[in-house]
Amino acid sequence: MESSNEASPADTAARVREVITAAGVSQREFARRIVMDPSKLSRSLSGTRRFTVAELARIADEARVDPGWLLGARPQEAEAAAPAPASVEGGRPLQIVQETVRLVAEHGFHAVRVSDIARACATSTAAIHYHFPGRADLLEAAVRWCMDEDTARRAAHLAEADDAAAELRQLIELQTPRTEQQRRQWKVWLDLWAEAARSTTVGRLHTEYYRQWRETVADVLRRGVDQGVFRSSVEPAAAAYALTALIDGLATQALSVGRESAAAAADAMRAALLSYVDGVITKP
């Protein structure tokens, strides 16, 4: 039986809706900000699942509200229930996720301990567990953050392209591990592939990400055929599958070289991809 001082799931959901409305963003965008599966946020708001304490902590941190208020606690109860909101830019959960991504890229997921992440964030392991109860939660959040960042970056750059041919070249540039950020994200993907073979949760994320990624490429190819800049013989879905597989394989090779050869490897990857596009996809 719920305490009279504790909000019902419906009351908590209503307060979270208030927070999202005040933020002035869509549910999907708010889910991205708190590193939460959008479908879980939707189900929690509709009452078919409960928010976890860690999810509410991230919501409170993003909205700069008292976590206890979301749970219906009185002010004095709320004060004792959770640490004060973080003062770091973007909030403590985002800092934790970004540092997790950096450490995973540098050392591999299984070599990174929660204490390492806490040290990098200048906080305690208890604070890490407050937002992300287990290592699996951290991995899922890190992968989801990388996915969201990659998707947002692609959307921004594709909007700047003049036609489908330019869009495809933009996608190739974005997937070439030239900058430190690109190399870091690719290294996380390498860990993701290994984990996807063992973890149902990460496997689902992997499958969904690649479905979206291939569909993005297929849409560009489809537009290019319609615009007459790509060969009429190009079958968008099959060509997207082949091109994304080629990108993955070349990126893996580019990442296997030392830092001193990274730029040359990225140039070679880009040249190989453009040669493939010109020889197989682009209209002569």
Next on the checklist: Quick check for you: to the nearest 0.5 Å, what is the distance between Q27 atom CD and S39 atom OG?
Outcome noted: 11.0 Å
Checklist entry - Side chains of I117 and L103: closer than 4.5 Å at any heavy-atom pair? => result yes
Checklist entry - Is it the case that R153 and Q185 place a side-chain donor and acceptor less than 3.5 Å from each other? => result yes
Checklist entry - Quick one: CZ on R58 to CG on L94, what's the gap to the nearest 0.5 Å? => result 11.5 Å
Next on the checklist: Test of understanding: with side chain to side chain contact (heavy atoms under 4.5 Å, CB included), list the residues that count as partners of D248, not counting sequence neighbours.
Outcome noted: W186, W193, Y210
Checklist entry - Are V225 and I172 connected, step by step, through hydrophobic side chains (Ile, Leu, Val, Met, Phe, Trp, Tyr) whose heavy atoms are closer than 4.5 Å? => result yes
Checklist entry - Between V16 and L56, is a side-chain contact (heavy atoms from CB on, under 4.5 Å) present by the stated rule, with each step listed? => result CA-CA 9 Å; V16 173; L56 291 173; 4.2 Å; yes
Item to check | Contact check, side chains of V280 and R231, non-hydrogen atoms, under 4.5 Å | outcome: no
Checklist entry - For E18, what residues pass the salt bridge (charged side-chain N to carboxylate O under 4.0 Å, His left out) criterion, not counting sequence neighbours? => result none
Item to check | Rounded distance [0.5 Å steps], OG1 in T48 versus CZ in R43 | outcome: 6.0 Å
Item to check | Residues F51, L70; criterion side-chain contact (heavy atoms from CB on, under 4.5 Å); working and verdict | outcome: CA-CA 10 Å; F51 285 103; L70 293 173; over 6 Å; no
Checklist entry - Are side-chain heavy atoms of V19 and F30 found at a separation under 4.5 Å? => result yes
Checklist entry - Does L174 offer a backbone N or O that forms a donor-acceptor pair with the side chain of Q182 under 3.5 Å? => result yes
Item to check | CA sep, side-chain torsions, deciding dist, call: R32, E149, salt bridge (charged side-chain N to carboxylate O under 4.0 Å, His left out) | outcome: CA-CA 9 Å; R32 187 190 71 81; E149 287 294 298; 3.3 Å; yes
Checklist entry - Taking atom types as modelled, is there a side-chain donor on Q95 or R92 under 3.5 Å from an acceptor on the other? => result yes
Next on the checklist: Side chains of V35 and I96, heavy atoms from C-beta outward: is any pair under 4.5 Å?
Outcome noted: no
Next on the checklist: Hydrophobic clusters here meaning ILVMFWY residues chained together by side-chain heavy-atom distances under 4.5 Å, can you tell me if L246 and L168 are in one?
Outcome noted: yes
Item to check | Verdict with supporting geometry, L171 and W213, side-chain contact (heavy atoms from CB on, under 4.5 Å) | outcome: CA-CA 10 Å; L171 289 177; W213 166 225; 4.0 Å; yes
Checklist entry - Does the distance from a Lys or Arg side-chain N to an Asp or Glu carboxylate O, for R144 and D148, drop under 4.0 Å? => result no
Checklist entry - Is a side-chain donor-acceptor pair under 3.5 Å present for D11 with S8? => result yes
Next on the checklist: Let's go through E29 and R33 carefully: what are the C-alpha distance in whole Å and the side-chain angles of both, what is the deciding distance for salt bridge (charged side-chain N to carboxylate O under 4.0 Å, His left out) to 0.1 Å, and is it a yes or a no?
Outcome noted: CA-CA 6 Å; E29 170 59 19; R33 293 184 180 185; 3.0 Å; yes
Next on the checklist: The test is side-chain contact (heavy atoms from CB on, under 4.5 Å); show your working for L243 and L273 and say whether it passes.
Outcome noted: CA-CA 8 Å; L243 182 56; L273 288 170; 4.2 Å; yes
Checklist entry - Between D116 and R119, is a salt bridge (charged side-chain N to carboxylate O under 4.0 Å, His left out) present by the stated rule, with each step listed? => result CA-CA 5 Å; D116 298 324; R119 190 177 306 109; 3.2 Å; yes
Next on the checklist: Before you tell me yes or no, could you show the steps for K40 and E55 under salt bridge (charged side-chain N to carboxylate O under 4.0 Å, His left out), namely the whole-Å CA-CA distance, both residues' side-chain angles and the distance that decides it to 0.1 Å?
Outcome noted: CA-CA 10 Å; K40 287 183 179 179; E55 289 165 354; 5.2 Å; no
Item to check | Which residues share a side chain to side chain contact (heavy atoms under 4.5 Å, CB included) with A152, sequence neighbours left out | outcome: none
